Amino acid sequence: MSNPVEDIPIRDSMIRLGQLLKLANLVEDGVEAAEVVKNGLVKVNGEIDDRRGRQLHHGDTVTVNGQTVRVSAPAAD
């Protein structure tokens, strides 16, 4: 059974991976964010990504420890 995907609303059209991990409470702080990314424990859109500064946009998914979240950006004007 798969876990439901949680939508994480963001203010702007883009958020960096490290920021999203903290916003979604997937990690405690920036140090932990750096560790899980560096150790290959983060998947972006189903593929391992080791760039903490990776830009994420509306619809992108991030998975850590079996928990998946989806970026929900405001609609463009």
Side-chain angles (χ1 to χ4, degrees):
M1 182 172 143
S2 65
N3 292 336
V5 175
E6 180 183 356
D7 284 326
I8 303 296
I10 61 172
R11 287 191 306 257
D12 302 311
S13 62
M14 180 276 298
I15 189 169
R16 299 209 182 271
L17 178 55
Q19 294 171 316
L20 181 75
L21 293 173
K22 291 183 288 184
L23 179 65
N25 293 316
L26 295 172
V27 296
E28 292 288 321
D29 53 33
V31 173
E32 186 180 355
E35 286 295 311
V36 296
V37 171
K38 183 177 75 175
N39 291 324
L41 303 175
V42 178
K43 287 187 177 182
V44 176
N45 298 327
E47 297 191 9
I48 292 173
D49 199 317
D50 61 0
R51 299 172 293 164
R52 194 177 72 183
R54 159 107 186 231
Q55 292 186 6
L56 303 171
H57 301 275
H58 182 77
D60 284 340
T61 61
V62 174
T63 303
V64 180
N65 295 328
Q67 186 175 358
T68 302
V69 296
R70 181 185 310 118
V71 177
S72 178
D77 293 334

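What you are looking at is a predicted structure, and each value in this text was computed from that prediction instead of being measured. Quick note: residue numbers are just sequence positions, from 1.
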Checklist entry - How would you list, by chain and number, every residue that makes a salt bridge (charged side-chain N to carboxylate O under 4.0 Å, His left out) with Asp49, sequence neighbours excluded? => result Arg51, Arg54

Checklist entry - Can you name the salt bridge (charged side-chain N to carboxylate O under 4.0 Å, His left out) partners of Lys43, sequence neighbours left out? => result none

Item to check | Contacts of Asp29 that satisfy side chain to side chain contact (heavy atoms under 4.5 Å, CB included) - sequence neighbours left out | outcome: Val31, Glu32

Checklist entry - For Asn25, which residues count as a side chain to side chain contact (heavy atoms under 4.5 Å, CB included) partner, sequence neighbours excluded? => result none

Checklist outcome for this item: Apart from Met14 itself, its cluster of hydrophobic side chains linked below 4.5 Å comprises none

Checklist entry - With respect to Arg70, which candidate in Asp7, Asp60, Thr61, Asn45 satisfies the side chain to side chain donor-acceptor pair (under 3.5 Å) definition? => result Asp7

Checklist outcome for this item: The reported gap from OG in Ser13 to NE2 in His57 (rounded to nearest 0.5 angstrom) is 7.0 Å

Item to check | Heavy-atom pair with the smallest gap, counting every atom of Arg11 and Pro74 | outcome: O-CG, 3.2 Å

Next on the checklist: Would you say CG of Asn65 has more than 12 non-hydrogen atoms from neighbouring residues, nucleotides or ligands within 6.0 angstrom?
Outcome noted: no

Next on the checklist: Which residues end up grouped with Val71 if you chain together Ile, Leu, Val, Met, Phe, Trp and Tyr wherever their side-chain heavy atoms are less than 4.5 Å apart?
Outcome noted: Ile8, Ile10, Ile15, Leu17, Leu20, Leu21, Leu23, Leu26, Val27, Val36, Val37, Leu41, Val42, Val44, Leu56, Val62, Val64, Val69

